[in-house]
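Okay, so here's the structure we're looking at.
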Amino acid sequence: MDSRVHAFLSVDKSSALDAARRWDARRADADALPPLAGLPVAIKDIICSQGLPTTCGSRILEGWRSPYDATVITRLREAGAIVIGKTNLDEFAMGSSTENSAFGPTRNPWDLARVPGGSSGGSAAAVSADMVPLALGTDTGGSVRLPAAFTGIVGLKPTYSRVSRYGLVAFASSLDQIGPLARTVADAALLLQVIAGRDPRDSTSADLPVPDYSASLPDGVKGMKIGIPREAIGAGLQREVNDAVLAAARVLEQAGASLIEVSLPTIEYAVPTYYILAPSEASANLARYDGVKYGLRVRTPDIHAMYARTRGEGFGTEVKRRIMLGTYALSAGFYEGFFLKAQQVRTLVRKDFTVAFGSVDLVLMPVAPTVAFKLGEKAHDPLQMYLTDIYTIPVNLAGLPGISVPCGSADGLPIGLQLIGKPFDEATVLRAAHTYEQSTEWHKARPQLT
Amino acid sequence: MSERTTAIAYEVVIGLEIHVQLLTDSKMFCECATAFGAPPNTQTCPVCLGLPGALPVINRKAVELGLRTAVALGCRVHGTSQFHRKNYYYPDLPKNYQITQYEYKIHPPLGTKGSLELTADTSPRRIGIRRVHLEEDTGKLVHVEQHGQILHSLIDFNRSGVPLMEVVTEPDLRSPEQARLFLGRLRSLLQAIGVSSGRMEEGSLRCDANVSLRRPGAELGIRTEVKNMNSLRSVERALAFEAQRQEQLLDRGQPVGQETRHWDERRGVTFSSRTKEEAQDYRYFPEPDLVPIAVGKQWIDEVRASLPELPDARRQRYASAYRLSPYDAGLVTSSMPLAIFFEATVGHYPQAKTVANWLAGDVAAYLNAEGLEIEETALTPNHLAELLRLVDAGTISIRTAKEILPEMLRTGASAEQLVADRGLAQISDTAAVGSVIDRIIAEHPGPASDFHGGKTQALTFLVGQVMKKTRGRANPELVNRLLREKLQS
Ligand SMILES: [Zn+2]
């Protein structure tokens, strides 16, 4: 099936089978089993894992094998999960369609002519097409939530610093978060439970207790206050998306929540702010791919030519574009006007949410302005592509938890509902998403891959 | 008299940047060992190799040592301090950015605005400390050469990520000698507070200098940066050379180029290391992988309380308790090991001034010539005390003592052993000295009769001949007395 979807870049068949057999044997012994015993989990190929290559969807790391496991991989293995394979992505997670992979695009299982969203398109497609029950993605500007919305599954971006980034190959360090993709909210909660929590190897990871997410799922939304930002509804939205999101809000209202209009006046500046900050960090994070130590090396007699040719041939167009954007924004004479200014706007965006959360428990809005678009449709128009993330980027800038849960369809393509919570309040996000999901049938719809 | 008046018309302005390898067991941002001399790339991990996905974690001990320095230098210690990324490409820098600290108003380095007092023979002078900050070291390139051509280069990442502290002074130093004195003071301070081994030859203390000339009171001149000075002495030599070079340029009406120059210890010159000085843009920005260091008042108070006696206080104590001259007190406290050596020697031989004279004189000369620290020699305080006692007892002359000291420093031999083995004890035996005198008088009848004729300088000549015959071992007082007796009899 994957020959048509192209969700995976590598699959570990033999050790996965071995592990599955081992867990089956233990299940027969009725031992106390860890939470993910024997469950295959697909991993976005930007998370380091031993035993399989870690390419980041880039020629520059083609064939590179990490000598160490990311913290989330260690935790998955300890929880009994089987790392079944590495999934396709936009190169270094830079993109919204998975078309920027050096190894070819992933296709949307609902319509093979359409993109699965990105950058975690491979992980989302693998779950959507029932190849695996669970997957990990990463979300820097919407890269878990957008593909979840486009492929009709659940995708959660945890609070920044909730999940360790150790072993996640950095794109934009102050924004990157690893998050679960699953068919149901309950499954996503289960996976988050395993990967969340303090990691001494990531000094930005929060030293806060991790609540029992699954336990509070059935508690419902009675008395919960849900804010709908007036800036996020109406103009610029595909009509069916607008209608589906408002209908979803009413479902939650009927379940006992109250709806309140809120305002997030600065979110219109989120996309330009993001495209200063993320490329700036990326320009430094990606400097290490120089042909000296690992990955691609284009041999030349002198080192400067080696740097230039290795990076010239190893990186794709979008990665180069962002490295140049970031290098420019950090340059002497531009730093104050670009990087520093963007940092200030980021603070304002965060403040907007803080103010909103003074009166509500959750913020509800769309995940994306449209349903999945066609392959090639925006590939040559970076600005149009960037605007796909208009509703997800503000959440990354503010460092908040956000979930995408299926809430409708247009022309047979899934629509995602986004619920955003207070910092470290994934429990409320999951509870509301679960309540919504259980009140509707959308999560039961599956793509017909014939 | 020379017509040139420029020699006094210029003022030398020097600021120093000192890189200090901190005495931690593990690296700045990972758990790898910092021990010197391990086989290449055996002290590495994903973090210090800059592997994809690896993240830095701050070494608390390194921050503590930086804090000790900042407090000891009287710096303003900032409540929060942020790391930055300094972006540049070099193969020994695995991430192609260095994690360091940078002066941004909102993200200050660990400490700023401190000072260290310099007391030379002249009046005291406070040298401003602009900042104290922490950073990581780079790896080391090893070039494999054949027939003078580099075939290929290898990289040893053992040093990558080793904790470094940078101490930057204000341009307050006014002579190469002051620069050397300052560096000596700083080194001794860092040793005293347990921050650094202070070994410049091993690179655990590295010093770069900014040098410019100006007419007194005028604007600062164009400065050059001098690198690669590996000892206190080479700092003074290099800066003296560089100041003179700039002076000659200015005298000829030529401009000083803003450039980086390397000191060549062997040739005794500085040379330009980059022909074209490109203004490097390091694109500093706050390191997003690290949270700011929080330094609370309590931590600062704890550090302050735990500091030992600092060299300044120690110097003052020596000057008053042992009645040492300011110069001697400064010298014996110029390094922590030397100060400890001094006190230990005084424990065996209580005439502190004599001990200080020897340490400031012959011992210092030997250390300077050999480029060694006292603790790197084989000399023990006990042996030095013994040597001084042999002189006092008249067993050996001061001249003999000076002659055997280098050997004691080199081999650790005891003074008594050396004197016994080589028969160096003074000849104080009247009969033995008398027979030599008889021979000398017989060989030099002229001077002997001159003495009788009233020419007393003839006596000096004859004493010299006796000393020569005994290779300096005859007791000079005895020789004098016996000669007079024999000539007058
Ligand atoms: Zn290491």
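In what follows, every heavy atom counts, from backbone to side chain, and hydrogens, waters and symmetry copies are set aside. A, B, ... follow the sequence lines: proteins, then strands. Residue 1 opens every chain.
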Chain A contact via [X] - side chain, backbone, both or neither, heavy atoms under 4.5 Å:
| X | answer |
| --- | --- |
| B:Tyr90 | backbone |
| B:Tyr89 | both |
| B:Leu49 | backbone |

I'd like to know which of [options] tops the heavy-atom pair count under 4.5 Å against chain B.
| options | result |
| --- | --- |
| A:Val292, A:Asp176, A:Thr327 | A:Thr327 |
| A:Val169, A:Ile46, A:Thr54 | A:Val169 |
| A:Cys48, A:Ser66, A:Ser203 | A:Ser203 |
| A:Ile47, A:Leu175, A:Asn285 | A:Asn285 |

#### Entry: side-chain hydrogen bond (donor to acceptor under 3.5 Å, both in side chains) partners for A:Lys293, two or more places apart
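Checked A:Lys293 against side-chain hydrogen bond (donor to acceptor under 3.5 Å, both in side chains); matches are A:Asp290.
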### Message
Tell me if the centroids of the rings in B:Tyr284 and B:Tyr102 come within less than 6.0 Å of each other.
### Response
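Yes.
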### Message
In this structure, is the centre-to-centre distance between the rings of A:Phe334 and A:Tyr328 below 6.0 Å?
### Response
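Yes, they do, as the ring centres are separated by less than 6.0 Å.
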### Query
Do NZ/NE/NH1/NH2 and the carboxylate oxygens of B:Arg85 and A:Glu281 come within less than 4.0 Å?
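No salt bridge links B:Arg85 with A:Glu281.
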Region of [X] that comes under 4.5 Å of a non-hydrogen atom in chain B:
| X | answer |
| --- | --- |
| A:Tyr160 | side chain |
| A:Tyr289 | side chain |
| A:Leu168 | backbone |
| A:Ala70 | neither |
| A:Tyr166 | both |

### Query
Could B:Arg60 and B:Trp299 be counted as a cation-pi pair, given that NZ or CZ must be under 6.0 Å from the ring centre and within 45° of the axis?
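Yes, B:Arg60 and B:Trp299 form such a contact.
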### Minimum side-chain heavy-atom gap A:Pro423-A:Leu400 below 4.5 Å
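Yes - at least one pair of side-chain heavy atoms lies under 4.5 Å apart.
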### Message
What I'd like to find out is whether the side chain of A:Ile323 reaches to under 4.5 Å of the side chain of A:Phe315, using heavy atoms alone.
### Response
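A side-chain contact under 4.5 Å exists here.
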### Query
Between B:Asn87, B:Val57, B:Asp289, B:Val291, which shows the greatest number of heavy-atom pairs under 4.5 Å with chain A?
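Option with the greatest count: B:Asp289.
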### Message
Main chain of B:Phe83, side chain of B:Gln101: is a donor-acceptor contact present, judged purely on distance under 3.5 Å?
### Response
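No, because the side chain of B:Gln101 does not come within donor-acceptor range (under 3.5 Å) of the backbone of B:Phe83.
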### Closest heavy-atom pair and its distance - A:Arg77, A:Asp69
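So the minimum-distance heavy-atom pair works out to NE-OD2, 2.8 Å.
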